[in-house]
Amino acid sequence: MAIDSQPQQAIWWLPRHQAKLREKATMDKVDLLFLGDSIIQAWEQEGKATWETYYQPRNALNLGFNGDRTEHLLWRLEQGEIEGISPKLVVLLIGTNNTGHRMDKPQETAQGIKAILTMLEKKLPHTKVLLLAIFPRSARPTQKLRILNQQVNDLIKDYADDQRIFFVDLNHHFLDQNGHLTSNVMDDFLHPNAHQYKVWAQAMEPYIERLMS
């Protein structure tokens, strides 16, 4: 796995990987697993109170890593992060750093997500996957990174088979009626603000409740 484009990650990235392996080992079981990048990792910071209400009682494990692209997550899955567990459900949100850091072509980001889904099927054959549309970024719907993310979403929605993989687009919960993203939702037009984690949890709850039952 290459993290050469973000060398500062080497200081904390592998230690976090090792810490997550230890955390997983201390859990009696993992019923709900979150996989992704900084937006997922922030359930430990901005979203902590909401996490404790909605997900901690469900034996949830957060495997979000700041800055991760699809290849970083795939490496982590290959290096033990999901060994020895059998969650009822995985929530997967990944790809915005592929489009943002390198402006990868939509097909390439979608292929990376497909590879992750294939790995999950191999290692967690009895686990359902809630595949989330990549969240909106940039203030206006006509901006390049917003368009790139939407193009990826248009591809990955077809990965759903509604038996093991379920695709959900929650993006409208973050946008106004004109499709604009405002700073009171995401200060940097990328990461949800703290109060938006409750909005996210409430929007996702019907799907999680149904798929974990």
Would you say the rings of Phe174 and Phe135 are close, in the sense that their centroids are separated by under 6.0 Å?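 Close enough - the centres of the two rings lie under 6.0 Å apart.
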Who else is in Val199's hydrophobic cluster (ILVMFWY, side-chain heavy atoms under 4.5 Å, direct or via others)?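 Answer for Val199: none, a lone residue.
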Using modelled atom types and a 3.5 Å cut-off, is there a donor and acceptor pairing between side-chain atoms of [X] and backbone atoms of [Y]?
{"X": "Asn98", "Y": "Glu108", "result": "no"}
{"X": "His17", "Y": "Gly80", "result": "no"}
{"X": "Thr109", "Y": "Pro106", "result": "no"}
{"X": "Arg137", "Y": "Leu145", "result": "no"}
{"X": "Gln196", "Y": "Asn193", "result": "no"}
{"X": "Asn97", "Y": "Asp68", "result": "yes"}

Is there side-chain contact between [X] and [Y], with heavy atoms separated by less than 4.5 Å?
{"X": "Ile208", "Y": "Arg58", "answer": "yes"}
{"X": "Ser38", "Y": "His191", "answer": "yes"}
{"X": "Leu21", "Y": "Glu81", "answer": "yes"}
{"X": "Trp43", "Y": "Val91", "answer": "no"}
{"X": "Leu33", "Y": "Leu63", "answer": "yes"}
{"X": "Val168", "Y": "Met204", "answer": "no"}

For the [atom1] atom of [X] and the [atom2] atom of [Y], what is their distance to the nearest 0.5 Å?
{"X": "Asn149", "Y": "Asp154", "atom1": "CG", "atom2": "CG", "answer": "11.0 Å"}
{"X": "Leu77", "Y": "Glu83", "atom1": "CG", "atom2": "CD", "answer": "9.5 Å"}
{"X": "Thr142", "Y": "His180", "atom1": "OG1", "atom2": "NE2", "answer": "7.0 Å"}
{"X": "Lys123", "Y": "Ile82", "atom1": "NZ", "atom2": "CD1", "answer": "6.0 Å"}
{"X": "Phe167", "Y": "Asp158", "atom1": "CZ", "atom2": "CG", "answer": "9.0 Å"}
{"X": "Gln45", "Y": "Asn66", "atom1": "CD", "atom2": "CG", "answer": "7.0 Å"}

If you take all heavy atoms of [X] and [Y], which pair is closest and at what distance?
{"X": "Ala201", "Y": "Thr50", "result": "CB-CG2, 3.5 Å"}
{"X": "Gly64", "Y": "Arg16", "result": "O-NH2, 2.7 Å"}
{"X": "Asn184", "Y": "His195", "result": "O-NE2, 2.9 Å"}
{"X": "Pro57", "Y": "Trp51", "result": "CD-O, 4.5 Å"}
{"X": "Ile40", "Y": "Leu35", "result": "CG1-O, 3.7 Å"}
{"X": "Asn171", "Y": "Asp169", "result": "N-OD1, 2.9 Å"}

Does the pair Leu181 and Gln143 meet the rule for a side chain to side chain contact (heavy atoms under 4.5 Å, CB included), with working shown? CA-CA 11 Å; Leu181 185 61; Gln143 290 180 265; over 6 Å; no
If two hydrophobic side chains count as joined below 4.5 Å and joins carry through other members, does [X] share a cluster with [Y]?
{"X": "Leu73", "Y": "Val30", "result": "yes"}
{"X": "Ile94", "Y": "Met186", "result": "no"}
{"X": "Leu148", "Y": "Phe189", "result": "no"}
{"X": "Leu32", "Y": "Leu92", "result": "no"}
{"X": "Val129", "Y": "Phe166", "result": "no"}

Please assess Asp28 against Asn59 for the test side chain to side chain contact (heavy atoms under 4.5 Å, CB included), listing each intermediate value before the final yes or no. CA-CA 8 Å; Asp28 291 333; Asn59 304 308; over 6 Å; no
Looking at [X], I'd like to know if its [atom1] atom is crowded, meaning that more than 12 non-hydrogen atoms belonging to other residues, nucleotides or ligands lie closer than 6.0 Å.
{"X": "Lys157", "atom1": "NZ", "answer": "yes"}
{"X": "Arg210", "atom1": "CZ", "answer": "yes"}
{"X": "Tyr159", "atom1": "OH", "answer": "yes"}
{"X": "Lys198", "atom1": "NZ", "answer": "no"}

Evaluate the ring planes of Phe34 and Tyr55, with Trp represented by its six-membered ring, and classify them as parallel (under 30°), tilted (30 to 60°) or perpendicular (over 60°).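 Judged by the thresholds at 30° and 60°, the geometry between Phe34 and Tyr55 is tilted.
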Would you call the rings of Trp13 and Phe65 parallel, tilted or perpendicular, where under 30° means parallel and over 60° means perpendicular?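 Rings of Trp13 and Phe65: perpendicular, over 60°.
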Criterion side chain to side chain contact (heavy atoms under 4.5 Å, CB included) on Ile113 and Leu155, from CA distance to verdict: CA-CA 10 Å; Ile113 294 171; Leu155 295 171; over 6 Å; no
Under the criterion side chain to side chain contact (heavy atoms under 4.5 Å, CB included), I'd like the reasoning laid out for Gln202 against Tyr54: C-alpha separation, chi angles, the key distance, then a yes or no. CA-CA 9 Å; Gln202 289 174 337; Tyr54 282 82; 3.2 Å; yes
Run the salt bridge (Lys or Arg N to Asp or Glu O under 4.0 Å) check on Arg69 and Asp104 step by step: do they pass? CA-CA 11 Å; Arg69 299 189 297 270; Asp104 289 349; 5.6 Å; no
